[in-house]
Every structure is written in structure tokens, then in C-alpha cells.
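For reference, the structure is listed below as C-alpha cells.
Nothing fancy with the numbering, it's 1 onward along the sequence. Computed over heavy atoms, backbone and side chain alike; hydrogens, waters and symmetry mates excluded.
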Amino acid sequence: QPMAPRHGASAESALYHPLLPRDRIVAVVRAHHVRFEGTPYLYNGRYLMRCYDGSGRLGYCQVDPYSGAFIGVDLRLDS
């Protein structure tokens, strides 16, 4: 079901909002000097990557798939 357009936006722009490519997500995580492994994948509306926090514990880096904003490192995935 198509979304209603925002005020002042066309109907076409409301239907399609491009995701950033995975190599850009890797660059964002690398820019934050976070050690990671694997490739990014979409989960619950965000890109996740397996990574390590400052103490060396395995966690998940979260990145916004539209803006590329680094959300942070979580040790658990709670919705």
C-alpha cells in the first residue's frame, strides 16, 4: 500500500526512498574507528554489522539505512 505524500512532496518521492549501498555503510563504521567483521545486513529498518565495543565484547553496530547516521554499538538487539 503506497504511503501518502508529505506536504509539498510529489507522490513519486513518497513511494521510493533509496537505501545507501553496503560499501557506504562499511565506510561509516570504519570512520568511527569501530572494529567489525562481516557485511552489513538490514534488520528491523536499520543496517547492522557484527562489531566489537571498546572492551572487545562482540556487539552490533547500527547505521541508519537512509542517512548513513551512525546509531551506535549495542550488545543486545532489543526492539
Partner residues of Leu19 under the side chain to side chain contact (heavy atoms under 4.5 Å, CB included) criterion, sequence neighbours left out: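 Expected list: Leu42, Tyr47, Pro65, Tyr66.
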Cys61 to Val34 - nearest heavy-atom pair and separation: SG-CG1, 3.5 Å
Nearest heavy atoms of Val28 and Val63, plus distance in Å: CG1-CG1, 4.3 Å
Verdict with supporting geometry, Arg30 and Phe36, side-chain contact (heavy atoms from CB on, under 4.5 Å): CA-CA 8 Å; Arg30 191 174 285 146; Phe36 64 91; 3.5 Å; yes
Heavy-atom check, side chain of Asp74 versus side chain of Gln62, under 4.5 Å: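 The answer is yes; the side chains approach within 4.5 Å.
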Cluster overlap Tyr60 with Val26, hydrophobic side-chain contacts below 4.5 Å: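 No, Tyr60 and Val26 fall in different hydrophobic clusters.
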Tabulate below the donor-acceptor pairs under 3.5 Å that side-chain atoms of residues 48-59 make, not counting sequence neighbours, or state none.
residue : atom : partner : partner atom : Å
Arg50   : NE   : Glu37   : OE2          : 3.2
Arg50   : NH2  : Glu37   : OE2          : 3.4
Tyr52   : OH   : Glu37   : OE1          : 2.9
Asp53   : OD1  : Ser55   : N            : 3.2
Asp53   : OD1  : Gly56   : N            : 3.1
Asp53   : OD1  : Arg57   : N            : 2.8
Asp53   : OD2  : Arg57   : NE           : 3.1
Asp53   : OD2  : Arg57   : NH2          : 3.0

